[in-house]
4 protein chains.
Amino acid sequence: MKKKDYEAELEPLQVELAGVARWLKHCGKRLLVILEGRDTAGKGGAIGALQDHLNPRQCRVVALPRPSDREAGQWYFQRYVPHLPAAGEIALFDRSWYNRAGVEKVMGFATPAQVEAFLVQAPIFEKLLVDDGILLFKYWLCCDQDKQEERFAERLEDPLKRWKLSPIDLEARRLYADYTDAREAMLEATHTPHAPWTLVDFNDQKRGRLILLRDLLSRLPDRDVPPPGIEFPPLDHPPLQERYGRLKPLED
Amino acid sequence: MKKKDYEAELEPLQVELAGVARWLKHCGKRLLVILEGRDTAGKGGAIGALQDHLNPRQCRVVALPRPSDREAGQWYFQRYVPHLPAAGEIALFDRSWYNRAGVEKVMGFATPAQVEAFLVQAPIFEKLLVDDGILLFKYWLCCDQDKQEERFAERLEDPLKRWKLSPIDLEARRLYADYTDAREAMLEATHTPHAPWTLVDFNDQKRGRLILLRDLLSRLPDRDVPPPGIEFPPLDHPPLQERYGRLKPLED
Amino acid sequence: MKKKDYEAELEPLQVELAGVARWLKHCGKRLLVILEGRDTAGKGGAIGALQDHLNPRQCRVVALPRPSDREAGQWYFQRYVPHLPAAGEIALFDRSWYNRAGVEKVMGFATPAQVEAFLVQAPIFEKLLVDDGILLFKYWLCCDQDKQEERFAERLEDPLKRWKLSPIDLEARRLYADYTDAREAMLEATHTPHAPWTLVDFNDQKRGRLILLRDLLSRLPDRDVPPPGIEFPPLDHPPLQERYGRLKPLED
Amino acid sequence: MKKKDYEAELEPLQVELAGVARWLKHCGKRLLVILEGRDTAGKGGAIGALQDHLNPRQCRVVALPRPSDREAGQWYFQRYVPHLPAAGEIALFDRSWYNRAGVEKVMGFATPAQVEAFLVQAPIFEKLLVDDGILLFKYWLCCDQDKQEERFAERLEDPLKRWKLSPIDLEARRLYADYTDAREAMLEATHTPHAPWTLVDFNDQKRGRLILLRDLLSRLPDRDVPPPGIEFPPLDHPPLQERYGRLKPLED
């Protein structure tokens, strides 16, 4: 998809999302969007499209580091709970508790018993959140291995994307099919009526973002909260200029 | 400045910043960038330019909400401290403890005694951080009132920017000169050798971002930490495709 | 019960509890004890008996203040979750999420719908914790109103206990029967096989503490982890004395 | 000192402390008491004497575990700051940031440069807190080695105190004189007019607690905030009794 077309389609969706944000704040509703998916599928870009025009005091991206030793000895969901949205807030989870059913399972970082326990607990935990009124959406971003190969190669070349690569990605390539299996097992256990998954084809990332955003908007309740009316009376003096005493600004 | 020229100049700076991020991680250094400035100057856009190609697990934007009642009764700096960067991390503060010397002072949300106490404490607090090895940079983004007027008008019109407007902005217009005075008093007290301010002219926001980023990069120590070598052996099978059992992906 | 008899019976129980603490640490188990009950029944004293000889780095008392505005707009259990015990730890909850089914219900601080939702969620939430391996015990401390009257009167008189009284206690007296009803409704909904309640008669507080402690110990699994062997070789010099340079110690 | 005499002297001091607590709450003042000292001197007992009759929602004991890896890479004071008291609160620090000048220095857990940096930063950090209005008191509890030997022996014997012993204590015995030297260096650097140390002789622990408490009370400003007047009207019915439906209470 061409950038120009993409941007033309994206903007009205982002305008609608800005309306959703206003509505959330007005009603004290909470929105939680989980983004998971195939390595290189495009979680980061999708999050960018979502948060780009939202108030950073309302919309937070949650990308947790590895658990500390102490966290590793706690209830598995414990370290995620403080990051759930409060009234009026949006939380975008860049990866989430589903690590356990994906990378941790495939790479052997969690035991089969831990994975099993997780798959039992996740739907119950999510039901508590949903019943409490949190609007929860779970997206899994898909892409085929040829696209993944292209993107790995691009990350190797592009110094702006180089940080996205780590030795673990070598394994992700080798274990492509295992990740598929893990996803299917995860869907089997956690694609529930109260917290269904949505898979989105991200072989074309721009198209993927539009599909995701459109889907999210279509599933949020109707709302129409006009922004508070503000009127700017004319200044009663010519516009002022910055005036510098102590320090001059850097210029070119 | 034209978008095309801007992007052409921006990219090499972001590549250099990616190198800085690698160096920070490698040495366990901590980077703290404070962004303050005139309303509408362009803090959000500058933060975007900084964080755009950084790992969200390494680089966090800190945009704190209003203090709770309990926080309001604590040491003024207390609620900011948990957000200081840990080893290898970058924290971008979208506003900061300097609220007290800016909006809180001008709008009367803090008493003159509180502002005075803040101006005494801030340099001392910052010296503790800097002496501990935190790399601290403080930017104040400037713009003249005619530009501010344009941008307020744009925010009123543009539904993607409408959230940036609040009734308090009416006051910001009326009190343009008071904000200038407050900034000068703040510089007088807190432009220190260990934690100097840098003012950047953001009358042209794109140019402002480039100046800021260039300045930041020029003041960081030399570093050259190549990314870890990774080689992708060819796949020993044709690239796989996503295979869907439980659920099909959304497509257009 | 006489103080002397009480202390004679208490000590061996506390010794056994010290063994439990060693076992918890050794196995990385987590112990969570919730103490609820009639106003004046003696939660504080019971907690004292439990924590008195435990390592404060292992055993924490959790007595949360009122929720902040932001917390009030979160998932009801959210503010409690960070205080759940980590591996090897003991958490003693002085009141808990059951506030909602007790004081908040009786005093009208929560709506009937909120209370209802809580009574549905609590057993599910607790099952998640128990299934995760947390050892959860819930005690409700009972006392008759004549005892309560005596204790209120004592609190009014005794300056060391005066802080325990607040105007809300006037209501607690008037609403004694409502609290009983609320407790019964709570038991109906939350006395579950995985997280049963234990009621303890605290008309005699010393006896109550012994009963509670004995019950808790009887329900913990067998364990026998001897403390690590330590041997103190004799000092190879006469015992040293404090030596004061800069400052002398306060003495009588 | 005899237990009976001790208790007779302790009680009026605790009554006075209860008055201080009321005053703190009334004025929104903050009290921070740091307890440091020779191993076995009696920090735990002193804390018990202080907190025994205070509201656990107002007075917290802060006994932090070892820093996590992430915390170890932060500003040294960072992990302590969230535990500073808020308005109306009391925080009792069972050990504190002074670990760095004591155990970490003597045992070699911190480098000489880190210790040196700490000794420079601590007074500055504390001045920020004191200037902000926090009432800060620092006590160092002293005892001679013969007493220490007795107490180590007692800890080895007494199963209720066994947890207080760890292999590190073997070193504490061997390094008694080094700890003295470390304390003197610490006093030299951090016994300041704004945050002076008080040494208390804890060779007799009961006497030590009384001295400490008396000293603390003598240095707090005058206050006289009577508790809020509460009157209990007579019940208009005979006192009620607990009534059990779902579950009977445990009795002996």
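The chains referred to below are lettered A, B, ... by the order of the sequence lines, with proteins before strands, and numbering in each begins at 1.
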**Asked** What distance separates B:Ile124 CD1 from D:Leu128 CG, expressed to the nearest 0.5 Å?
**Response** 5.5 Å
**Message:** Return the CD1 to CD distance between B:Ile134 and D:Gln78, rounded to the nearest 0.5 Å.
**Reply:** 6.5 Å
Could you check whether atom [atom1] of [X] has more than 12 heavy atoms from other residues, nucleotides or ligands sitting under 6.0 Å from it?
X	atom1	answer
B:Arg57	CZ	yes
B:His26	NE2	no
B:Asp52	CG	yes
B:Lys164	NZ	yes
D:Lys138	NZ	yes

Less than 4.5 Å to any heavy atom of chain B: does that hold for the side chain of [X], its backbone, both, or neither?
X	result
D:Phe125	both
D:Arg30	side chain
D:Gln114	neither

**Prompt:** What's the shortest heavy-atom distance between D:Gln74 and B:Ala86, and which atoms?
**Reply:** CG-CB, 3.6 Å
**Fill in**
Looking only at D:Glu89, D:Arg70, D:Glu71, most heavy-atom pairs under 4.5 Å shared with chain B are made by D:Arg70
**D:Trp75 vs B:Leu129 side-chain heavy atoms within contact, under 4.5 Å** = yes
**Asked** Is D:Val120 close to B:Asp131 at the side-chain level, that is, under 4.5 Å between some pair of heavy atoms?
**Response** no
